[in-house]
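Note on naming: letters A, B, ... go to the chains in the order of the sequence lines (proteins, then strands), and numbering restarts at 1 for each one.
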Amino acid sequence: MGEITDSKQVKLLEVVEKLLDKGVVISGDLILSCANVDLVYLDLKLVLTSVQSIMDGCQELKGETV
Amino acid sequence: MSRAFLLGFVRDCRNIPMIEGFTPRLTQFSRYGVIWIPSPLHLFSGKKEFLAFMSKWLERVCYSKITMLPVQLGISADEDVLPKIIGKYRAELEQCLKTIAGCWEYDLNLNFTKTGLSTGGHSISSIVARNGREYLERMRKQSRERETFQREVHQRVAFLTGHLTPWIKDYALEMSPSTREAELAFLVPHIYNGFFRRDLQHLMEGSKEVINWTGPWPPFHFSSFKFRADGDLISEVLAW
């Protein structure tokens, strides 16, 4: 696929990205354990996008406590 | 064991659309199937390329008139457990696929910046208040503006849905008072597509606010069922 430079195409990709966020989602509670403290997130959808940064944060926290 | 990045669910479907460079797979259990690809992180050089392929593929899905219940971006499962997942959600799948069967989605972006009040809530809240009274006054003003905007949107949506009613099965509305924009999604049966587009075009010509529309799409806004959080599903962050 060639480079996408047309502004209409770029706009379309933004629409597609937004749409792809609207499909069937995971629901329910998720418990992440961080330094032996359970963190409960009621809205898993919010966590999905930031789970990597939370895990990174946990690693940093563990590093500090050792 | 490979990881399946889920794209959507189908029923009574043997052949799924494919395009060159993007060949989703179908795993079936009973009458139901799940469409998936290996992780996009391994297939594409970046998000833009992935979205471009998805855009083309979704277009193909629509024109093939397959009813697909789309899955939100970023949900994966091991390929081996896909039949188990389908079995577990069979009742919900049946219900949702029945609701959206034979329908496409059209999305309208309504921009109200040139109508009504010119100041959005965002600009007010960004100014630091000097005291509590000033802060409360700003909050009141912001609240009034939000209510006015919402009334304006609801009136406009009632007008649009009223005129498009014979051709739509359902609609979904999202409002953004800070940008004075609203997103309106319509669930449109294939058989009414021509009538819907004709009347929508007519309504757009006589509209005072800016309307942009896209479609047809698989019915993303009308996929009402949700997976329960369990060990079989994995969230996959797409970061190239």
For side chain to side chain contact (heavy atoms under 4.5 Å, CB included), just list the numbers for A/Asp21 and B/Phe220, CA-CA rounded to whole Å, side-chain angles, deciding distance to a tenth of an Å, and then say yes or no. CA-CA 8 Å; A/Asp21 191 39; B/Phe220 283 92; over 6 Å; no
Do [X] and [Y] have side chains that approach each other closer than 4.5 Å (heavy atoms only, starting at C-beta)?
X	Y	answer
B/Leu51	A/Leu20	yes
B/Glu105	A/Lys22	no
A/Lys18	B/Asp107	no

Contact summary for A/Gly23 and B/Ser223, nearest pair of heavy atoms: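 So the two residues come closest at C-CB, 4.2 Å.
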Contact class of [X] relative to chain A, heavy atoms under 4.5 angstrom:
X	result
B/Glu59	neither
B/Thr214	side chain
B/Glu92	neither

Inspect the surroundings of [atom1] in [X] and state if more than 12 heavy atoms from other residues, nucleotides or ligands are less than 6.0 Å away.
X	atom1	answer
B/Arg197	CZ	yes
B/Lys88	NZ	yes
B/Tyr192	OH	no
B/Tyr106	OH	yes

Would B/Gln72 and A/Val24 count as a side chain to side chain contact (heavy atoms under 4.5 Å, CB included) if you check the C-alpha gap in whole Å, the side-chain angles of each, and the deciding distance to 0.1 Å? CA-CA 5 Å; B/Gln72 189 187 39; A/Val24 173; 5.9 Å; no
Reference residue B/Ser55; test side chain to side chain contact (heavy atoms under 4.5 Å, CB included); the match among A/Val16, A/Val15, A/Leu19: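 Testing each of A/Val16, A/Val15, A/Leu19 against B/Ser55, the sole residue satisfying side chain to side chain contact (heavy atoms under 4.5 Å, CB included) is A/Val16.
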